[in-house]
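As a basis for the values below, the full set of heavy atoms in this structure was taken, side chains included, without hydrogen atoms, waters or symmetry mates.
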Amino acid sequence: MYVKICGLSEPAHVAAAVEAGADAIGFVMTRSPRRVEPERAAELAALVPDRVLTVGVFRGEDPETVRAAALASGVRAIQLHGRHPHGDFTALKDLGVVLVRAVDAAADLRCGAYDEDLLLVDAPHAGSGQPWDWAAVRGRPSGRWLLAGGLGPANVAEAIAAADPWGVDVSSGVELSPGVKDPALIRAFLEAVRRAR
């Protein structure tokens with residue numbers, strides 16, 4: 001089970017995610033309590049070993065803004081959250097990074113439909129931290145897709161059983177308060193995912 005820990009902004013939290021076994025780490029470079037500037041994301045990304053994918057997360061920005069931030073930060077993946085048009089993904093393809101399309105369950109759930117490499121299926125109200133009907137997407141997404149939205153150490157096993165995803169993504173579910181991660185919760189989340197396999 002592939003695991004992405006998103007919204008990291010402190011070196012200690014990056015270290016906790018890497019040590020706990022995360023496969024990917026997300027840096028939010030869009031409007032959010034978890035926002036980091038590209039320069040800060042570059043400092044954090046430099047702490048991440050090559051085996052862990054570094055992801056820059058964007059929502060609504062135009063491709064040139066995304067391109068500039070991705071290049072400045074050195075992330076190896078770009079996640080476009082929300083209803084970005086197909087052309088936004090095409091415009092970034094030449095960067096040679098992993099492209100992640102993050103949408104709610106009402107969108108086209110075929111991984112690769114927008115030339116993306118990974119699909120992330122989130123709650124109807126992304127970023128709310130509220131659980132949703134994970135079972136409603138079971139069998140619908142195709143390819144490599146991650147389940148997100150309201151996940152935490154206490155319910156991720158239930159969510160995996162309900163939706164049968166290729167991977168999972170967590171942000172607020174491993175926080176003490178908006179934007180403040182808890183290394184103990186990060187470790188507990190990874191342990192819960194391992195037990196659920």
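- Of the inter-residue distances, the one linking Q79 atom CD with E116 atom CD reads 11.5 Å to the nearest 0.5 angstrom.
- For the residue pair D104 / H125, no side-chain donor-acceptor distance below 3.5 Å is found, with atom types taken as modelled.
- Checked by atom type and distance alone, the side chain of H13 pairs as donor or acceptor with a backbone atom of K181 at under 3.5 Å.
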Please walk me through it: do V36 and E43 pass side chain to side chain contact (heavy atoms under 4.5 Å, CB included)? CA-CA 11 Å; V36 294; E43 293 171 6; over 6 Å; no

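- Ring geometry for H84 versus F89: interplanar angle over 60°, hence perpendicular rather than tilted (30 to 60°).
- Summarising the geometry of L44 relative to P11, their closest heavy-atom pair is CD2-N, 3.7 Å, with the distance given to 0.1 Å.
- With salt bridges taken as basic N to acidic carboxylate O contacts below 4.0 Å, one links E64 and R67.
- With contacts defined as side-chain heavy-atom distances shorter than 4.5 Å, the pair D23/V52 does not qualify.
- Here the side chains of D182 and E175 are not in contact, with every heavy-atom distance at 4.5 Å or above.
- Side-chain N or O atoms of D62 include one that pairs as donor or acceptor with a backbone N or O of T65 at under 3.5 Å.
- Shortest non-hydrogen contact noted between V57 and C6 is CG2-SG, 3.7 Å.
- Between the side chain of N155 and the backbone N or O of G150, at least one donor-acceptor pair lies under 3.5 Å.
- For the pair L151 and F189, the minimum side-chain heavy-atom distance is below 4.5 Å.
- Distance OG1/T54 to CG/L47: 11.0 Å, rounded to 0.5 Å.
- Within the 4.5 Å cutoff, side-chain heavy atoms of V168 are placed close to those of V156.
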Side chain to side chain contact (heavy atoms under 4.5 Å, CB included) assessment of L92 paired with L99: CA-CA 8 Å; L92 297 166; L99 296 178; 4.2 Å; yes

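- The closest donor-acceptor contact from the side chain of K93 to the backbone of D115 lies under 3.5 Å.
- With no hydrogens or angles considered, a side-chain donor-acceptor pair links R34 and S171 at under 3.5 Å.
- Taking the salt bridge (charged side-chain N to carboxylate O under 4.0 Å, His left out) definition, one finds that D108 meets it with R110, sequence neighbours left out.
- The pair D88-R83 does not count as a salt bridge, with every side-chain nitrogen at least 4.0 angstrom from each carboxylate oxygen.
- To the nearest 0.5 Å, atoms CZ (R195) and CE (M1) are separated by 14.0 Å.
- Under the 4.5 Å side-chain criterion, counting only non-hydrogen atoms from C-beta, L119 is not in contact with V100.
- Here the closest heavy-atom approach between residue R144 and residue C111 is recorded as O-SG, 3.4 Å.
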Could you walk me through whether V66 and L80 pass side chain to side chain contact (heavy atoms under 4.5 Å, CB included), step by step? CA-CA 9 Å; V66 172; L80 299 182; 4.1 Å; yes

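- In this structure, I78 and L95 have side chains that are in contact, with non-hydrogen atoms separated by less than 4.5 Å.
- The nearest pair of heavy atoms linking D169 to L146 is CB-CD2, 4.3 Å.
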Give the intermediate values and the outcome of side chain to side chain contact (heavy atoms under 4.5 Å, CB included) for residues V14 and I25. CA-CA 8 Å; V14 170; I25 290 174; 4.1 Å; yes

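- Here the closest non-hydrogen pair linking R59 and R31 is O-NH2, 3.6 Å.
- Residues T90 and Y114 have side chains not in contact (no heavy-atom distance under 4.5 Å, counting atoms from C-beta outward).
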Please report the C-alpha distance between H81 and D122 in whole Å, then the side-chain angles of each, then the deciding distance to 0.1 Å, and finally whether the side chain to side chain donor-acceptor pair (under 3.5 Å) criterion is met. CA-CA 9 Å; H81 217 109; D122 204 348; 3.1 Å; yes

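- Residues W134 and L147 are in side-chain contact: their nearest non-hydrogen atoms beyond the backbone lie under 4.5 Å apart.
- Rounding to the nearest 0.5 angstrom, the gap separating the OG atom in S73 from the CZ atom in R40 is 13.5 Å.
- In terms of heavy atoms, A107 sits closest to R140 at O-NH2, 4.4 Å.
- Distance check, rounded to the nearest 0.5 Å: CG of L109 to CG of L120 gives 11.0 Å.
- A search for salt bridge (charged side-chain N to carboxylate O under 4.0 Å, His left out) contacts involving R76 returns nothing, not counting sequence neighbours.
- Here CZ of R138 is found 4.5 Å from CG of D164. Values are rounded to the nearest 0.5 Å.
- No path of Ile, Leu, Val, Met, Phe, Trp and Tyr side chains, each step under 4.5 Å between heavy atoms, connects V180 with V28, placing them in separate hydrophobic clusters.
- D50 is linked by a salt bridge (charged side-chain N to carboxylate O under 4.0 Å, His left out) to nothing, counting only residues two or more places apart in sequence or in another chain.
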